[in-house]
Amino acid sequence: MVSLIALLILHVFFVNQYLCYAADTISHNKILRDGDIVVSNGGIYALGFFSPGKSKLRYVGIWYNKIQEQTVVWVANRNNPVNDSSSGVAKVDERGNLGIFNGNASTPVWTTNISIPNSDKNSSLFYKLLDSGNLVLCDGKSKGDFLWQSFDFPTDTRLPGMKIGLNLKSGTNWSLTSWKSRDDPSTGDFTYGMVRTGSLEVVIKKWQQKIWRTGPWNGQEWNGISKVLTDNIFTSSFVNGTDEIYTIGHNTSLFFMLHMDESGIARRSMWLEATHEWSIVWSAPKDDCDHYGKCGVFGSCNSNNAPICSCLPGYEPKSPTGWYSKDRSQGCVRKRELFCGKGDGFLKLANMKLPDTSNARVDMSLGIKDCEIECKNNCSCTGYTSADVNRSGCMAWFGDFDIREFTQDEGGQDLFVRVDEIELESKRHSKGSFTKKKLVLLCVFIVVGMLTLIFTFYYFFKRAKRRGLARKKRVRELLFDLPSSNTVEETNGTFKLPIFDLNSIMIATDNLSPINKLGSGGFGSVYKGKLSGGREIAVKRLSKNSGQGIIEFKNEVVLIAKLQHRNLVQILGCCVEEDEKMLVYEFMPNKSLDFLLFDPTRSTSLDWGLRRDIILGIARGVLYLHQDSRLRIVHRDLKASNVLLDAEMNPKISDFGMARIFGGNQTQGKTNRVVGTFGYMSPEYAMDGLFSIKSDVFSFGVLSLEIISGRKNSGFYCEDPSMNLIKHAWELWRDGRPLELVDSAIGTSFLEQEVVKFIQVGILCVQENANDRPTMSSALLMLSNETTIPNPAQPAFILTRIPIHPNSSYSSTSVNEMSTTIVEGR
Ligand SMILES: *[C@@H]1O[C@H](CO)[C@@H](O)[C@H](O)[C@H]1NC(C)=O
Ligand SMILES: *[C@@H]1O[C@H](CO)[C@@H](O)[C@H](O)[C@H]1NC(C)=O
Ligand SMILES: *[C@@H]1O[C@H](CO)[C@@H](O)[C@H](O)[C@H]1NC(C)=O
Ligand SMILES: *[C@@H]1O[C@H](CO)[C@@H](O)[C@H](O)[C@H]1NC(C)=O
Ligand SMILES: *[C@@H]1O[C@H](CO)[C@@H](O)[C@H](O)[C@H]1NC(C)=O
Ligand SMILES: *[C@@H]1O[C@H](CO)[C@@H](O)[C@H](O)[C@H]1NC(C)=O
Ligand SMILES: *[C@@H]1O[C@H](CO)[C@@H](O)[C@H](O)[C@H]1NC(C)=O
Ligand SMILES: *[C@@H]1O[C@H](CO)[C@@H](O)[C@H](O)[C@H]1NC(C)=O
Ligand SMILES: *[C@@H]1O[C@H](CO)[C@@H](O)[C@H](O)[C@H]1NC(C)=O
């Protein structure tokens with residue numbers, strides 16, 4: 001007895017190390033009798049004897065254990081039932097075969113029919129029902145593949161993880177076959193499987209007759225299964241391997257199945273726990289046009305038309321009487337015989353479910369142009385298209401085909417069909433008359449346009465006159481300066497920047513309504529706008545005293561607009577009219593960094609990963625300005641409110657090049673105009689007007705520390721006037737407690753080492769001596785790599801000192817977020 005228990009424990013232990021777990025199994029020791037039920041480990045599926053519907057016959061099958069209405073997903077002996085309702089047994093023989101027996105009978109009605117070579121360990125062979133609904137044979141020895149699994153023998157249901165397709169090596173064809181009826185699980189009329197003639201397709205057949213097909217695989221999806229329907233609700237992937245080609249359903253939900261039912265319809269359904277019913281998410285065939293060959297050969301089906309069938313261009317009904325009396329199965333024939341090569345051409349049909357590929361030839365090495373040539377050169381080629389979504393590869397048809405049309409959003413693909421000269425000519429002709437109509441319309445538009453233009457000119461001149469000579473001069477300068485294309489072009493003519501007219505900006509921003517105001521800074525105010533096309537923009541209205549002429553301004557904007565980097569806000573255009581100067585930017589839905597960072601509730605949405613990516617993004621953007629762009633721009637006003645966040649929370653630096661626009665285009669030196677924001681300005685810049693790329697590095701350092709701590713550098717003012725973030729960070733660092741700097745809103749899920757590194761680099765960037773600060777490229781290198789980072793020296797605490805600029809007076813200062821401009825008194 002003791003040894004038996006020991007053996008049992010040993011057995012369980014031994015088996016447990018491998019894929020299978022020996023509870024609820026069928027084995028030598030555990031015979032399954034009618035009435036016994038094996039339940040999978042998680043209780044999802046059950047296996048046992050059952051009788052479907054009104055039937056009295058007994059079958060062994062697998063069903064959902066938790067769903068009350070018995071939903072059978074697999075049947076072992078579908079064609080060989082047990083007659084007697086109480087005597088059936090299922091047991092495993094020495095060779096590992098699971099057999100279903102009618103009472104004491106010696107031959108099974110059904111068996112897995114395998115033989116395990118060297119099955120000396122016969123007692124350790126057992127069948128186990130997994131939580132995926134797969135009944136597998138284990139021997140506790142071999143890892144990986146199962147010796148046998150029910151998933152290799154689908155009946156009418158595909159569960160997640162089950163394949164539909166082909167094993168080219170073994171010749172296995174995984175396909176679904178419907179039941180005969182609800183009461184009879186034996187092999188029915190309909191199959192759902194993969195065919196491999198020409199290209200690959202999944203088809204539903206009634207015996208050998210095709211009922212429905214998916215359309216060929218285009219590299220991304222089945223051409224005929226509309227994306228709209230399939231998105232998100234269920235996912236299956238297509239695997240094109242050397243040995244196996246199959247589609248496999250994913251387990252987005254365990255209670256999800258593809259079922260080929262006895263009426264010839266394949267359905268994907270999902271169990272809704274709330275309503276306790278199966279909800280059908282997709283089915284095929286779903287309409288008349290889905291039926292294979294509905295319109296016959298060379299017919300095209302469109303379920304939005306009446307009648308739904310039509311012949312392809314160049315074809316006519318084969319039997320007009322039959323066609324009009326709705327028997328369209330005979331299809332269409334060519335109106336005229338083709339004289340191969342002489343004037344033939346192709347017409348494009350859009351949004352097509354591609355023809356059956358059994359007559360098709362696929363050559364992935366050909367592009368679409370070569371495909372056309374290839375098809376044109378062979379008289380029996382009736383049409384072609386590209387073989388995948390990326391317009392590569394060539395799929396050409398030789399012989400009959402049937403197609404259906406989709407609407408735009410249902411998917412489909414362009415198809416080019418061969419037509420003769422006359423058909424091409426007639427299409428050209430009809431197009432010609434169409435353009436004639438268009439021409440007349442165009443003329444009308446031109447006349448109206450001219451009138452409007454004349455009127456506008458008249459209006460402008462009148463207005464200019466009224467406003468005095470100076471204005472008049474400006475308008476004229478503007479009008480004659482603007483190229484006809486309404487874009488500013490660089491001298492070499494390659495770059496175009498759209499010019500918006502003031503009127504359209506006024507409409508877009510609702511006359512610069514205060515409601516649309518997003519913020520303001522030293523350079524002017526920013527408004528949100530919406531162009532008539534629906535695109536959202538941000539309009540920066542520059543303050544008027546820039547002291548620049550229109551031409552200089554535009555030249556400057558064109559230069560700035562050419563700076564393109566994923567971490568810089570893109571300039572979409574500009575507007576110069578009268579004395580307005582505006583810049584139009586892409587709109588950033590997630591506002592600016594300060595909006596999120598310094599708000600106690602909103603800052604919780606910025607976890608460490610996000611903050612790290614924002615810091616790195618800013619670093620890349622600044623590096624681009626300093627080094628990689630042609631202009632070598634020093635930003636001079638880097639701060640949290642100048643870092644905008646796009647929909648994916650990518651940081652984008654804004655207001656770069658403002659210093660240039662406001663007339664200070666040196667990259668290094670001494671300036672009379674100090675632009676910047678207290679709290680972000682390096683000491684040498686704030687006090688002596690000396691700027692260089694190192695003053696941006698200083699601002700970046702402050703910004704990094706702010707992002708890590710969630711506190712404003714200047715915000716410390718309120719608590720302790722002698723304290724600021726830089727000083728606080730330095731003291732914590734000096735005392736070996738850098739992690740105390742970290743914003744509590746980040747939570748605790750971060751790599752301490754990484755955060756410490758970021759703090760260290762931040763402090764390095766705010767050192768007092770500009771020469772001690774790293775360049776942007778080495779700062780980025782330290783942040784994103786494992787390198788040794790020098791120990792920071794004491795940083796600058798500029799806020800404790802009053803900025804002194806020799807010979808300077810403040811024209812505008814503000815303690816808050818606004819940019820400050822210090823202009824030298826003259
Ligand atoms: C079950 O019954 C049918 C007829 O009702 C008979 O043809 C068949 O041989 C029986 N099968 C077994 C295993 O007894
Ligand atoms: C396997 O087990 C069965 C029953 O337990 C026994 O009759 C048979 O001899 C065994 N076969 C081998 C090869 O050990
Ligand atoms: C099975 O065999 C036993 C004896 O070996 C016999 O008593 C019993 O009646 C048989 N049962 C059936 C259903 O044939
Ligand atoms: C079992 O398989 C062999 C070939 O592997 C086949 O010849 C035999 O007919 C099969 N037996 C049953 C009962 O299916
Ligand atoms: C696979 O089986 C299905 C269903 O029986 C069938 O339609 C299809 O032609 C088969 N595929 C191949 C390549 O034999
Ligand atoms: C198509 O192109 C996209 C992007 O270029 C690529 O990700 C995808 O894998 C390509 N698909 C195929 C089937 O080549
Ligand atoms: C499958 O792979 C083979 C070999 O790589 C390739 O020739 C064939 O075009 C692929 N089929 C599809 C439908 O992608
Ligand atoms: C889906 O399968 C994966 C891997 O087999 C597993 O980790 C995951 O838990 C499964 N999901 C569901 C919902 O069963
Ligand atoms: C045209 O294509 C058919 C079908 O693939 C082929 O049998 C025939 O040889 C080709 N003819 C020419 C001239 O290439």
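Computed from a predicted model, the values in this text were never measured in an experiment. Nothing fancy with the numbering, it's 1 onward along the sequence. Ligands are counted one by one from 1 in listed order, and the atoms in each one are counted from 1 as well. The basis for the numbers below is simple: all heavy atoms, side chains too, and nothing from hydrogens, waters or symmetry mates.
- Close approach of ligand 9 to Ser380 is summarised as follows: ligand atoms under 4.0 Å from at least one heavy atom of the residue are 1 (C), 2 (O), 3 (C).
- Within the structure, salt bridge (charged side-chain N to carboxylate O under 4.0 Å, His left out) contacts touching residues 194-203 (residues at least two apart or in different chains) are Glu201-Arg213.
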- Give the intermediate values and the outcome of ring pair (Phe, Tyr, Trp, His ring centres under 6.0 Å) for residues Phe49 and Tyr59. CA-CA 5 Å; Phe49 281 90; Tyr59 298 87; 9.7 Å; no
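- Close contacts of ligand 9 with Arg361, meaning ligand atoms under 4.0 Å from a residue heavy atom, involve 2 (O), 4 (C), 5 (O).
- Sparse packing is recorded around NZ of Lys318, with 12 or fewer heavy atoms of other residues, nucleotides or ligands lying under 6.0 Å away.
- In this pair, Trp110 and Trp74 present their aromatic rings perpendicular. The plane angle is above 60°, beyond the 30 to 60° band.
- One finds a salt bridge joining Arg404 and Asp290 here, because a Lys/Arg side-chain nitrogen approaches an Asp/Glu carboxylate oxygen to under 4.0 Å.
- Within 4.0 Å of ligand 5, counting heavy atoms only, the contacting residues are Leu166, Asn173, Ser175, Thr191, Met194, Val195, Lys205.
- With hydrogens and angles ignored, the 3.5 Å screen pairs a side-chain donor or acceptor of Asn79 with a backbone N or O of Thr187.
- Within ligand 9, the atoms closer than 4.0 Å to a non-hydrogen atom of Asn378 are 1 (C), 2 (O), 3 (C), 8 (C), 10 (C), 11 (N), 12 (C), 14 (O), numbered from 1 in the order shown.
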- Task: Take Tyr127 and Thr112 through the side-chain contact (heavy atoms from CB on, under 4.5 Å) test and state the conclusion after the steps.
- Result: CA-CA 11 Å; Tyr127 285 80; Thr112 52; 3.1 Å; yes
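- Checking only distances, Asn377 never comes within under 3.5 Å of ligand 9, N or O to N or O.
- Short contacts between ligand 9 and Phe398, defined as distances under 4.0 Å to a heavy atom of the residue, involve ligand atoms 2 (O), 4 (C).
- Around the NZ atom of Lys210, the shell of radius 6.0 Å holds more than 12 heavy atoms that belong to other residues, nucleotides or ligands.
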